[in-house]
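Lettering of chains follows the sequences in order, A, B, ..., and the numbering in each one begins at 1.
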Amino acid sequence: MPYWLMKSEPDEFSIQDLERLGRSRWDGVRSYQARNFMRQMADGDGFFFYHSSCATPGIAGIGRIASTAYPDPTATDPDSPYFDPRTNGVTNPWSAVDVDFVESLRSVIALPRLKAEPALVQMPLVQKGSRLSVMPVSEDEWHAILAMR
DNA sequence: GCCAACGTTGGC
DNA sequence: GCCAACGTTGGC
């Protein structure tokens, strides 16, 4: 079963928001690299919920992918902040997936700890300058991170 | 708020 | 297909 990591600014959407909702749509991704990973997701895959651009950036919880990728409706909605004016309703290049809440960590695994963990050196997350917001996580990385909780 | 580093765009 | 310029990400 593949694993993933997805970033969100908690001011926009946090693990606590997902916990309250139970299920949500993960939309608004506007990077082709990230989108291409979303298209590889399968119903049931696990993912780490990463909080970015906040006081304590790091892994804040765990979720489960609850669908395969489908066209992101926010891309064609003029009222959405994620509206992409280049879409014309016929060609929507962007994808969304549904996600389920699994677990909120009692404390965030902060970025410096992730960077210091030898098992995670390959992750784009800890590489300097990397901005990838959706990335695969290997089985070894998944278990190493779970052990850091 | 700053700014390094990046991914994307678009002129050529 | 190159690559400079641009806008964005995201840690600090």
Side-chain angles (χ1 to χ4, degrees), chain A residues 2-21 24-42 45-65 67-99 101-138 140-142 144-149:
Chain A
Y3 302 105
W4 309 95
L5 180 144
M6 299 201 288
K7 298 180 183 176
S8 177
E9 299 188 16
D11 289 349
E12 298 291 326
F13 186 69
S14 68
I15 187 69
Q16 288 75 27
D17 293 326
L18 182 57
E19 179 165 20
R20 186 162 35 78
L21 295 169
S24 182
R25 189 174 65 212
W26 198 282
D27 56 24
V29 172
R30 296 293 178 266
S31 145
Y32 289 107
Q33 296 183 327
R35 181 208 67 181
N36 291 344
F37 284 125
M38 291 176 84
R39 291 183 174 178
Q40 296 174 35
M41 292 175 177
D45 289 355
F47 75 97
F48 288 119
F49 195 129
Y50 182 90
H51 283 177
S52 66
S53 294
C54 57
T56 307
I59 292 173
I62 299 171
R64 189 178 296 114
I65 306 300
S67 74
T68 52
Y70 56 89
D72 180 352
T74 67
T76 53
D77 176 2
D79 295 328
S80 168
Y82 302 118
F83 176 60
D84 181 350
R86 294 171 305 173
T87 64
N88 52 25
V90 180
T91 56
N92 179 355
W94 302 117
S95 296
V97 293
D98 293 334
V99 296
F101 174 78
V102 173
E103 178 179 336
S104 182
L105 303 190
R106 29 165 77 101
S107 68
V108 171
I109 306 173
L111 184 57
R113 283 188 66 207
L114 296 166
K115 284 182 170 169
E117 171 52 53
L120 306 181
V121 292
Q122 305 267 30
M123 291 188 73
L125 182 71
V126 302
Q127 280 157 29
K128 185 181 175 180
S130 174
R131 305 189 325 202
L132 189 60
S133 60
V134 177
M135 68 189 76
V137 174
S138 75
D140 287 348
E141 290 161 351
W142 180 263
I145 292 167
L146 289 181
M148 295 172 75
R149 286 180 295 175

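The interatomic distance linking A:Ile59 (CD1) with C:dG11 (P) rounds to 12 Å, in whole Å. One interatomic measurement links the two molecules: NE2 of A:His51 to C1' of C:dC12, which rounds to 19 Å at whole-angstrom precision. Atom pair A:Phe37:CZ and B:dG7:C1' shows a separation of 14 Å (rounding to whole Å applied). The distance between atom OH of A:Tyr32 and atom P of B:dG7, rounded to the nearest whole Å, is 15 Å. Atom NZ of A:Lys115 and atom P of C:dG10 are 12 Å apart (whole Å). We find that CZ of A:Arg131 is positioned 5 Å from C1' of C:dT8, with the value rounded to whole Å. Computed from coordinates, the A:Asp11 CG to C:dG10 P distance equals 14 Å when rounded to whole Å. Regarding A:Glu9, its CD atom lies at a distance of 7 Å from the P atom of C:dG10, rounded to whole Å.
Looking at A:Asp140 and A:Ser138, their side chains never bring a donor and an acceptor atom within 3.5 Å of each other. For the residue pair A:Tyr82 / A:Asp77, no side-chain donor-acceptor distance below 3.5 Å is found, with atom types taken as modelled.
Between the side chain of A:Arg30 and the base of C:dT8, no donor-acceptor pair of N or O atoms lies under 3.5 Å.
In this model, the phosphate group of B:dA4 is not approached by any side-chain N or O of A:Lys128 to a distance below 4.0 Å at OP1 or OP2. When the side-chain nitrogen and oxygen atoms of A:Lys7 are compared with OP1 and OP2 of C:dT9, none of them lie within a distance under 4.0 Å. Of the side-chain N and O atoms in A:Tyr50, one or more sit less than 4.0 angstrom from OP1 or OP2 of C:dG11.
Using bins of under 30°, 30° to 60° and over 60° for the plane-to-plane angle, the ring pair A:Trp4/A:Phe37 lands in the tilted bin.
The backbone N or O of A:Phe13 lies less than 3.5 Å from a partner atom in the side chain of A:Ser8, making a donor-acceptor pair.
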